[in-house]
Amino acid sequence: MTKIRIFYGSSTGNTAIVAKMIQAELGDLVERVQNIAAAKADDLTDAEALILGVSTWEYGQLQGDWKRFLPQLETIDLTGKTVALFGLGNAGGFSGEFATGLGTLHEIIRERGAKIVGSWPADDYCFERSGALEGDSFVGLVIDQDSESHKTESRVKQWVAQIRPHFS
(Lines give C-alpha, C1' and ligand atoms only; values in the text may rest on other atoms or scores of the structure.)
Protein backbone atom coordinates (compact mmCIF):
# COMPACT_ATOMS: atom_id res chain seq x y z
CA MET A 1 0.00 0.00 0.00
CA THR A 2 1.12 3.51 -0.80
CA LYS A 3 1.86 5.68 2.20
CA ILE A 4 0.58 9.24 2.00
CA ARG A 5 1.99 12.35 3.61
CA ILE A 6 -0.40 15.25 4.13
CA PHE A 7 1.04 18.76 4.25
CA TYR A 8 -1.03 21.85 4.90
CA GLY A 9 -0.67 25.53 5.72
CA SER A 10 -3.07 26.90 8.30
CA SER A 11 -3.28 30.36 9.82
CA THR A 12 -6.64 30.03 11.59
CA GLY A 13 -6.67 26.26 12.11
CA ASN A 14 -9.36 25.46 9.53
CA THR A 15 -7.01 23.86 7.01
CA ALA A 16 -5.43 21.80 9.81
CA ILE A 17 -8.88 20.57 10.83
CA VAL A 18 -9.68 19.48 7.28
CA ALA A 19 -6.26 17.77 6.96
CA LYS A 20 -7.01 15.76 10.08
CA MET A 21 -10.48 14.87 8.76
CA ILE A 22 -8.85 13.54 5.58
CA GLN A 23 -6.34 11.61 7.69
CA ALA A 24 -9.16 10.03 9.69
CA GLU A 25 -10.93 8.94 6.49
CA LEU A 26 -7.76 7.44 4.98
CA GLY A 27 -6.65 5.73 8.19
CA ASP A 28 -3.48 3.63 7.87
CA LEU A 29 -2.71 4.96 4.40
CA VAL A 30 -1.49 8.19 6.02
CA GLU A 31 2.09 8.16 7.21
CA ARG A 32 2.24 11.74 8.47
CA VAL A 33 0.23 14.98 8.74
CA GLN A 34 2.37 18.08 9.02
CA ASN A 35 2.17 21.84 8.71
CA ILE A 36 4.20 22.94 5.69
CA ALA A 37 5.83 25.57 7.94
CA ALA A 38 7.83 22.77 9.59
CA ALA A 39 8.61 20.86 6.38
CA LYS A 40 11.72 20.57 4.26
CA ALA A 41 11.83 19.83 0.53
CA ASP A 42 13.01 16.26 1.28
CA ASP A 43 9.85 15.62 3.31
CA LEU A 44 7.89 15.92 0.07
CA THR A 45 10.33 14.22 -2.29
CA ASP A 46 10.80 11.25 0.08
CA ALA A 47 7.03 10.66 0.25
CA GLU A 48 5.39 7.94 -1.82
CA ALA A 49 2.29 10.11 -2.35
CA LEU A 50 1.08 13.50 -1.20
CA ILE A 51 -2.04 15.37 -0.24
CA LEU A 52 -1.49 19.12 -0.02
CA GLY A 53 -3.84 21.62 1.57
CA VAL A 54 -3.85 25.39 1.20
CA SER A 55 -6.18 28.22 2.06
CA THR A 56 -6.69 31.40 0.10
CA TRP A 57 -6.13 34.76 1.75
CA GLU A 58 -7.45 38.16 0.86
CA TYR A 59 -7.67 38.53 -2.90
CA GLY A 60 -6.34 35.20 -4.13
CA GLN A 61 -3.11 34.94 -2.14
CA LEU A 62 -1.54 31.70 -0.93
CA GLN A 63 -1.58 31.14 2.81
CA GLY A 64 1.61 32.50 4.43
CA ASP A 65 3.33 29.20 5.25
CA TRP A 66 2.97 28.09 1.63
CA LYS A 67 4.31 31.44 0.40
CA ARG A 68 7.40 30.95 2.56
CA PHE A 69 7.82 27.35 1.33
CA LEU A 70 7.60 28.28 -2.38
CA PRO A 71 11.36 28.68 -2.97
CA GLN A 72 11.88 25.09 -1.77
CA LEU A 73 8.83 23.79 -3.61
CA GLU A 74 10.02 25.24 -6.89
CA THR A 75 13.20 23.12 -6.71
CA ILE A 76 11.44 19.79 -6.15
CA ASP A 77 10.95 17.10 -8.80
CA LEU A 78 7.63 15.32 -8.22
CA THR A 79 7.67 13.34 -11.45
CA GLY A 80 5.72 10.13 -11.01
CA LYS A 81 4.26 11.03 -7.62
CA THR A 82 0.51 10.98 -7.11
CA VAL A 83 -0.70 14.21 -5.51
CA ALA A 84 -4.18 15.25 -4.43
CA LEU A 85 -4.98 18.83 -3.48
CA PHE A 86 -7.52 20.50 -1.25
CA GLY A 87 -8.14 24.16 -0.64
CA LEU A 88 -10.16 26.41 1.59
CA GLY A 89 -11.86 29.59 0.51
CA ASN A 90 -14.54 32.01 1.66
CA ALA A 91 -17.20 32.49 -1.02
CA GLY A 92 -19.17 34.85 1.19
CA GLY A 93 -16.33 37.31 1.73
CA PHE A 94 -14.14 36.72 -1.32
CA SER A 95 -16.46 35.43 -4.04
CA GLY A 96 -14.33 36.97 -6.79
CA GLU A 97 -11.19 35.01 -5.80
CA PHE A 98 -12.77 31.93 -4.25
CA ALA A 99 -10.15 29.23 -3.50
CA THR A 100 -7.68 30.79 -5.94
CA GLY A 101 -4.75 29.73 -3.73
CA LEU A 102 -5.63 26.13 -4.63
CA GLY A 103 -5.28 26.99 -8.32
CA THR A 104 -1.90 28.60 -7.69
CA LEU A 105 -0.62 25.55 -5.80
CA HIS A 106 -2.02 23.25 -8.52
CA GLU A 107 -0.08 25.06 -11.22
CA ILE A 108 3.19 24.80 -9.28
CA ILE A 109 2.67 21.10 -8.49
CA ARG A 110 1.81 20.35 -12.14
CA GLU A 111 5.01 22.11 -13.25
CA ARG A 112 6.94 19.84 -10.85
CA GLY A 113 5.76 16.77 -12.82
CA ALA A 114 3.24 15.27 -10.39
CA LYS A 115 0.26 13.18 -11.38
CA ILE A 116 -2.59 15.20 -9.87
CA VAL A 117 -5.81 13.44 -8.89
CA GLY A 118 -9.00 14.46 -7.13
CA SER A 119 -10.72 17.17 -9.15
CA TRP A 120 -14.02 18.22 -7.58
CA PRO A 121 -17.31 19.46 -9.12
CA ALA A 122 -17.97 23.17 -8.69
CA ASP A 123 -21.73 23.08 -9.23
CA ASP A 124 -22.62 22.98 -5.52
CA TYR A 125 -20.86 26.28 -4.71
CA CYS A 126 -21.95 29.91 -5.09
CA PHE A 127 -19.10 32.24 -6.14
CA GLU A 128 -18.23 34.75 -8.86
CA ARG A 129 -14.78 33.59 -9.93
CA SER A 130 -12.11 31.10 -8.93
CA GLY A 131 -8.55 30.53 -10.07
CA ALA A 132 -8.98 26.88 -9.01
CA LEU A 133 -11.38 26.01 -11.84
CA GLU A 134 -10.59 23.87 -14.86
CA GLY A 135 -13.76 23.61 -16.91
CA ASP A 136 -16.66 22.88 -14.56
CA SER A 137 -14.50 21.39 -11.79
CA PHE A 138 -12.08 22.58 -9.18
CA VAL A 139 -8.54 21.19 -9.41
CA GLY A 140 -9.03 19.61 -5.96
CA LEU A 141 -11.47 19.47 -3.08
CA VAL A 142 -12.73 22.92 -2.06
CA ILE A 143 -13.99 23.58 1.45
CA ASP A 144 -15.74 26.76 2.59
CA GLN A 145 -15.61 26.63 6.39
CA ASP A 146 -16.83 30.22 6.63
CA SER A 147 -20.06 29.93 4.61
CA GLU A 148 -20.74 26.19 4.30
CA SER A 149 -19.14 24.37 7.23
CA HIS A 150 -22.22 22.14 7.44
CA LYS A 151 -21.11 20.54 4.13
CA THR A 152 -17.48 19.92 5.09
CA GLU A 153 -17.77 16.43 6.56
CA SER A 154 -19.80 15.12 3.63
CA ARG A 155 -17.49 16.69 1.05
CA VAL A 156 -14.40 15.26 2.72
CA LYS A 157 -15.92 11.76 2.88
CA GLN A 158 -16.99 11.84 -0.78
CA TRP A 159 -13.65 13.22 -1.97
CA VAL A 160 -11.61 10.69 -0.01
CA ALA A 161 -13.72 7.86 -1.45
CA GLN A 162 -12.96 9.28 -4.91
CA ILE A 163 -9.19 9.59 -4.44
CA ARG A 164 -8.57 6.44 -2.36
CA PRO A 165 -8.19 4.12 -5.39
CA HIS A 166 -5.33 6.31 -6.71
CA PHE A 167 -3.36 5.59 -3.53
CA SER A 168 -3.99 1.85 -3.15
Side-chain angles (χ1 to χ4, degrees), residues 4-26 33-39 44 50-74 78 82-112 114-164 166:
I4 303 166
R5 292 184 186 173
I6 300 174
F7 293 93
Y8 64 89
S10 192
S11 297
T12 64
N14 286 338
T15 311
I17 289 167
V18 175
K20 289 178 175 80
M21 291 173 76
I22 292 168
Q23 175 190 24
E25 287 296 315
L26 287 168
V33 178
Q34 182 177 347
N35 191 316
I36 198 68
L44 278 70
L50 297 164
I51 296 176
L52 307 176
V54 64
S55 56
T56 300
W57 283 86
E58 297 174 358
Y59 297 97
Q61 302 299 312
L62 281 176
Q63 186 270 345
D65 297 326
W66 277 107
K67 275 205 263 195
R68 287 183 286 282
F69 190 75
L70 277 181
Q72 290 186 70
L73 184 60
E74 291 173 342
L78 297 174
T82 300
V83 178
L85 304 170
F86 70 96
L88 277 70
N90 177 352
F94 297 95
S95 182
E97 293 296 334
F98 182 56
T100 292
L102 174 61
T104 302
L105 185 60
H106 174 265
E107 186 60 32
I108 295 165
I109 296 302
R110 181 170 43 198
E111 290 171 358
R112 310 275 37 98
K115 174 188 168 196
I116 301 173
V117 300
S119 64
W120 186 250
D123 58 354
D124 189 34
Y125 298 79
C126 184
F127 61 96
E128 291 175 33
R129 193 187 89 64
S130 175
L133 278 176
E134 281 191 349
D136 294 334
S137 296
F138 293 114
V139 296
L141 173 64
V142 171
I143 298 294
D144 186 343
Q145 280 295 87
D146 296 305
S147 303
E148 299 182 334
S149 60
H150 62 283
K151 296 182 179 183
T152 298
E153 185 177 345
S154 172
R155 286 175 172 164
V156 167
K157 286 180 183 294
Q158 290 174 29
W159 184 70
V160 168
Q162 174 191 319
I163 66 169
R164 182 186 295 276
H166 295 284

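Side-chain atoms are counted along with the backbone in the values below, which use heavy atoms only and exclude waters and symmetry mates. Numbering of residues begins at 1 and proceeds along the displayed sequence.
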Where do [X] and [Y] come nearest, in terms of heavy atoms and distance?
| X | Y | answer |
| --- | --- | --- |
| Leu85 | Trp159 | O-CZ2, 3.3 Å |
| Ile4 | Leu50 | CG2-C, 4.2 Å |
| Ala122 | Leu133 | CB-CD2, 3.6 Å |
| Val83 | Ala114 | CG2-CB, 3.6 Å |
| Leu102 | Thr56 | N-OG1, 4.0 Å |
| Cys126 | Ala91 | O-CB, 3.3 Å |

Checking [X] now: which residues fulfil side-chain hydrogen bond (donor to acceptor under 3.5 Å, both in side chains) with it, not counting sequence neighbours?
| X | value |
| --- | --- |
| Trp57 | Ser55 |
| Gln61 | none |
| Lys151 | Asp124 |
| Trp120 | Tyr125 |

From [atom1] ([X]) to [atom2] ([Y]), nearest 0.5 Å:
| X | Y | atom1 | atom2 | answer |
| --- | --- | --- | --- | --- |
| Gln145 | Asn90 | CD | CG | 11.0 Å |
| Leu62 | Ile108 | CG | CD1 | 6.0 Å |
| Arg155 | Glu148 | CZ | CD | 4.5 Å |
| Ile17 | Thr152 | CD1 | OG1 | 9.5 Å |
| Leu105 | Thr100 | CG | OG1 | 12.5 Å |
| Trp66 | Thr104 | CH2 | OG1 | 12.0 Å |

Here the salt bridge (Lys or Arg N to Asp or Glu O under 4.0 Å) pairs for residues 89-104, sequence neighbours left out, are Glu97-Arg129
Residue pairs passing the salt bridge (Lys or Arg N to Asp or Glu O under 4.0 Å) test with at least one member in residues 5-16, sequence neighbours excluded, are Arg5-Glu31
**Request:** Check the pair Leu44, Ile36 against side chain to side chain contact (heavy atoms under 4.5 Å, CB included), reporting the backbone distance first and the verdict last.
**Result:** CA-CA 10 Å; Leu44 278 70; Ile36 198 68; 4.0 Å; yes
Salt bridge (Lys or Arg N to Asp or Glu O under 4.0 Å) with [X]: which residues, sequence neighbours excluded?
| X | value |
| --- | --- |
| Glu111 | none |
| Arg112 | none |
| Glu134 | Arg110 |

Ser137 meets the side chain to side chain contact (heavy atoms under 4.5 Å, CB included) criterion, sequence neighbours left out, with Ser119
**Message:** Please enumerate all residues that pass side chain to side chain contact (heavy atoms under 4.5 Å, CB included) together with Ala37, with sequence neighbours excluded.
**Reply:**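 Testing Ala37 for side chain to side chain contact (heavy atoms under 4.5 Å, CB included), a comparison that skips the adjacent residues, returns Asn35, Asp65.
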query = Within a strict 4.5 Å, meaning less than it, do heavy atoms of the Val156 and Leu141 side chains meet?
reply =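 They are in side-chain contact.
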Between Ile116 and Val139, is any pair of side-chain heavy atoms under 4.5 Å apart? no
Open item on the list: Under a 3.5 Å distance rule, please check whether Ser130 uses its side chain to pair with a backbone N or O of Phe98 as donor and acceptor.
Closed with: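 Between the backbone of Phe98 and the side chain of Ser130 there is a qualifying donor-acceptor contact (under 3.5 Å).
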- Are more than 12 heavy atoms from other residues, nucleotides or ligands located less than 6.0 Å from atom CD of Glu153? no
Hey, which of His150, Lys157, Gln158 is the one that makes side chain to side chain donor-acceptor pair (under 3.5 Å) with Ser154?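 Filter result, single survivor: Gln158.
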Donor-acceptor pairs are to be reported for all side-chain atoms of residues 6-13 against protein atoms at under 3.5 Å, with residues two or more places apart or in another chain.
unit_1 : atom_1 : unit_2 : atom_2 : d
Ser10  : OG     : Gly13  : N      : 3.0
Ser10  : OG     : Thr15  : N      : 3.4
Ser10  : OG     : Ala16  : N      : 3.3
Ser11  : OG     : Gln63  : NE2    : 3.0

